[in-house]
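Everything below concerns the one structure shown next.
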Amino acid sequence: MTDHVTTIAVGALSPYEVTVGRGVLTTVDRHIGPQAARVFLLFQSPLRTAAAALAGRISSSGREVVGFEIPDGEAGKTLSVVAEAWDLLGRATFTRTDTVVALGGGVATDVAGFIAATWLRGVPLITVPTTLLAMVDAAIGGKTGINTDAGKNLVGSFYPPKAVVCDVDVLSSQDPAAIASGLAEAIKCGFIADPGILDIVWSAPDRVRDPSSPLLRDVIERAIMVKANVVTADLHEHSVRAILNYGHTFAHAVERVEGYRWMHGYAVAVGMVFASHVASIMGLCDSALPAAHRDILSLVGLPTSYYPRRLAELSEAMAVDKKNRGTVTRMVLLKEIGDPVVVESVPPRVLEQAYEVLCAPGGGL
Ligand code: GLY
């Protein structure tokens, strides 16, 4: 049974639709092109049952399904996983009209995207995100990637999918921490472009954390619309797409320093608070902006502070962030809510001061 279904258009040159609804997992096969004789279904290990059901539906229309299970977590985003997939595709004589389907979180959509982008220089891709974080971010916009010894996501490509299917029902199996992590990216969309998202979170913070609530669905759709508009304007991150990295300069550094044990959204939450302090210290925004960040993020259970005495390590990690140009720290900052700007060079003294206030006692870790 599906209730109402929302479709959101993405992309100028190779347009596609994001479908959002309850029970829409049963409609994935409708997005597979009529010429596809084979479907490569990549899924993360905890999703074996859902993958088997999806494979059954796809094969009932006469298509061959090649299932490919990847390890859960970042271990699924390695070159050896990709090489194994290429072998399987070769043995299945997978052609350009066949289709790759990714079922899972951001790891699945990133690695499947990379496989789809590289096999025969590009075969159709459908992403079916199963986490809130992947629905509002990773599955949309065509970023694909794997991790290598040199770092996370340093190898990849921009390769938009043909369709994205977000079944909100699957979120009922997500734990509260994973929902909060996904909400951080949705709140980011609120700060950079759609304050309506912040209003919803303010008005009912408990309900937006409830996967069965229509308010969470509303937040998901609004966040997807923000991302859709941005990546439609700038797929390759030559200009406006950079605003999607709000909070991410510091967040990536935190993730690196914490050995990737922090959930991404938790790091983004702290990164946004840090960015708000930087903007306030530089006199770019109203001095109330950091408090607005801390208040809304803590309402949904996200951290808003960090540990003192780690700036040297964090600065080193920020220096290798791939969003930097040369050796300066480039950050997205807010002039006000809904008005982001890319600042090309944030002075080290400002970073130090912002770090000090971020880590002050009572900050909310
Ligand atoms: N996650 C940021 C982007 O897709 O550009």
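Start at 1 and go down the list; that is how both ligands and their atoms are numbered.
Interatomic distance, D210 CG to I179 CD1, rounded to the nearest 0.5 Å: 9.0 Å.
Separation of the F114 and W119 ring centroids does not fall under the 6.0 Å cut-off.
Counting the atoms of ligand 1 from 1 in the order shown, those under 4.0 Å from a heavy atom of D137 are 1 (N), 2 (C), 4 (O).
Where the criterion is an N or O separation shorter than 3.5 Å, residue side chain and backbone included, K143 meets it with respect to ligand 1.
At distances below 3.5 Å, not a single donor-acceptor pair connects side-chain atoms of R310 with backbone N or O atoms of Y307. Under a 3.5 Å cut-off, the side chain of D286 and the backbone N or O of L289 do not form any donor-acceptor pair.
Residue contact check for ligand 1: K227 places a non-hydrogen atom closer than 4.0 Å to it.
From the protein, the heavy atom lying nearest to atom 5 (O) of ligand 1 is R241 NE, 2.7 Å.
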